[in-house]
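Shown next, in structure tokens, is the structure this report addresses.
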Amino acid sequence: MAFHQQSILPAVRKVKDLEKLLSSSFTYIVLLDSHIGQLKHLVDLARAHDKKLLLHVDLIEGLKNDEYAAEFLCQNVRPAGLISTRAGVITKAKQNGILAIQRLFLLDSGALDKSYTLLERTKPDIIEVLPGIMPQIIAEVSERTGIPIFAGGLIRTVHDVQSALQAGASAVTTSHKELWTHYK
């Protein structure tokens with residue numbers, strides 16, 4: 001599954017924010033907080049406006065973040081992609097032809113080492129590195145894995161975005177509306 005690059009991936013928590021982005025130039029939008037009852041409608045709404053929703057599976061209320069949930073989402077909701085910290089979700093997304101984005105919280109060297117082991121097993125389409133304000137780690141993960149990187153978490157300024165992109169990130173996920181406006 002291919003990702004068509006854009007420097008910023010707006011990450012929305014509210015339906016109102018998603019609705020505002022439907023007329024934007026962004027193709028991909030990350031849906032953070034949601035509940036199971038609204039997913040199909042939101043994915044269909046985005047698709048009707050030529051937008052592709054990436055669902056953060058771990059944050060969907062009313063749905064356990066496991067491979068059965070991933071199977072349900074892939075077969076019934078059909079988003080452009082699934083984001084998760086869970087290996088089973090990533091595996092199911094790949095099996096169903098949905099963009100599989102492995103989210104990694106890189107808190108220390110031990111977490112980084114465990115992440116490399118996980119990535120060898122899951123082979124995601126994209127890795128989301130958090131926090132995204134660590135250019136040297138973004139560069140290392142990109143070089144070591146050869147997998148496209150999204151940088152997310154604690155991205156607050158244009159400088160943060162530029163640093164992540166220069167380090168090798170394919171895109172930056174952010175919920176800061178000022179950055180959406182800047183990169184429109």
>> The test is side-chain contact (heavy atoms from CB on, under 4.5 Å); show your working for I155 and I133 and say whether it passes.
In response: CA-CA 6 Å; I155 302 287; I133 54 170; 4.0 Å; yes
> Are Y183 and I29 in one and the same hydrophobic cluster, where Ile, Leu, Val, Met, Phe, Trp and Tyr link if side-chain heavy atoms are under 4.5 Å apart?
Replying inline: yes
> Of all heavy-atom pairs between S84 and V89, which one has the smallest distance, and what is that distance?
Replying inline: CB-CG1, 3.5 Å
>> So L82 and I101, do their side chains get closer than 4.5 Å, heavy atoms only?
In response: no
>> Looking at every non-hydrogen atom in both residues, tell me the closest pair between L53 and A46 and how far apart they are.
In response: CG-CB, 3.7 Å
> Side chain of R47, backbone of R78: donor and acceptor closer than 3.5 Å?
Replying inline: yes
> Taking F150 as the fixed residue, which of V129, L54, V30 is the one that meets the side chain to side chain contact (heavy atoms under 4.5 Å, CB included) rule?
Replying inline: L54
>> Quick check for you: to the nearest 0.5 Å, what is the distance between Q102 atom CD and R121 atom CZ?
In response: 8.5 Å
> Within a strict 4.5 Å, meaning less than it, do heavy atoms of the I60 and L73 side chains meet?
Replying inline: yes
> Taking side chain as C-beta onward, heavy atoms only, is K92 less than 4.5 Å from Q95?
Replying inline: yes
> Which atom pair, heavy atoms only, marks the closest approach of A11 to L32?
Replying inline: CB-CD1, 3.8 Å
> Rounded to the nearest 0.5 Å, how far apart are NZ of K51 and OG of S24?
Replying inline: 4.0 Å
>> Between T122 (side chain only) and L118 (backbone N and O only), is there a donor and an acceptor less than 3.5 Å apart?
In response: yes
>> Around atom CZ of R156, are there more than 12 heavy atoms from other residues, nucleotides or ligands closer than 6.0 Å?
In response: no
> Which value, rounded to the nearest 0.5 Å, describes the distance between S34 atom OG and H41 atom NE2?
Replying inline: 12.5 Å
> Got D160 and V172 here, is their nearest side-chain heavy-atom distance under 4.5 Å?
Replying inline: no
>> Pair L104, L112 - check side-chain contact (heavy atoms from CB on, under 4.5 Å), show working.
In response: CA-CA 8 Å; L104 303 176; L112 182 59; over 6 Å; no
> Below 4.5 Å, heavy atoms only, C-beta onward: do E67 and T91 meet side chain to side chain?
Replying inline: no
> Nearest 0.5 Å, what's the CD1-CG distance between I8 and L179?
Replying inline: 5.5 Å
> Looking only at heavy atoms, which two atoms of A164 and G132 are closest? And how far apart?
Replying inline: CB-O, 3.9 Å
> Would E71 and N96 satisfy side-chain contact (heavy atoms from CB on, under 4.5 Å), going step by step from the backbone distance to the final call?
Replying inline: CA-CA 8 Å; E71 187 77 31; N96 283 276; 3.6 Å; yes
> Which pairs with one or both residues in residues 67-94 pass ring pair (Phe, Tyr, Trp, His ring centres under 6.0 Å), sequence neighbours excluded?
Replying inline: none
> Between I138 and Y116, is there a shared hydrophobic cluster once you connect ILVMFWY residues whose side-chain heavy atoms come closer than 4.5 Å?
Replying inline: yes
> Which pair of non-hydrogen atoms, one from I98 and one from C74, has the smallest distance, and what is that distance?
Replying inline: CG1-SG, 3.6 Å
>> I'd like to know if D125 and K94 make a salt bridge, using a cut-off of under 4.0 Å between side-chain N and carboxylate O.
In response: yes
> In terms of side-chain geometry, is the basic nitrogen of R13 or D17 positioned less than 4.0 Å from the acidic oxygen of its partner?
Replying inline: no
>> To check you understand the geometry: which heavy-atom pair defines the closest contact between L63 and A69, and what is its length?
In response: CG-CB, 3.6 Å
> Out of I126, I90, I83, I127, which residue meets the side chain to side chain contact (heavy atoms under 4.5 Å, CB included) rule with R103?
Replying inline: I83
> Step by step, would you call D50 with T27 a side-chain contact (heavy atoms from CB on, under 4.5 Å)?
Replying inline: CA-CA 7 Å; D50 294 322; T27 302; over 6 Å; no
> Is it true that L106 and L165 fall in one hydrophobic cluster, defined by side-chain heavy atoms closer than 4.5 Å?
Replying inline: no
> Should L119 and P124 count as side-chain neighbours, where that means a heavy-atom distance under 4.5 Å?
Replying inline: yes
>> Is there a path of hydrophobic side-chain contacts, each under 4.5 Å between heavy atoms, that joins V12 and L55?
In response: yes
>> Could you check whether any side-chain heavy atom of V57 comes within less than 4.5 Å of a side-chain heavy atom of R86, counting everything from C-beta outward?
In response: no
> How many angstroms lie between OG1 in T173 and CG in L130, if you round to the nearest 0.5 Å?
Replying inline: 6.0 Å
>> Assigning hydrophobic clusters by single linkage (Ile, Leu, Val, Met, Phe, Trp, Tyr; side-chain heavy-atom cutoff under 4.5 Å), is V158 placed with F26?
In response: yes
> Can you tell me if Q38 uses its side chain to pair, donor with acceptor, with the backbone of H35 under 3.5 Å?
Replying inline: yes
> What is the distance from atom CD of E19 to atom CG of L42, rounded to the nearest 0.5 Å?
Replying inline: 8.0 Å
> Are more than 12 heavy atoms from other residues, nucleotides or ligands located less than 6.0 Å from atom CD of Q136?
Replying inline: yes
> Is a side-chain donor or acceptor of E128 paired with a backbone partner of I149 at a separation under 3.5 angstrom?
Replying inline: no
> Under a 4.5 Å cut-off applied to non-hydrogen side-chain atoms, are E120 and T117 in contact?
Replying inline: no
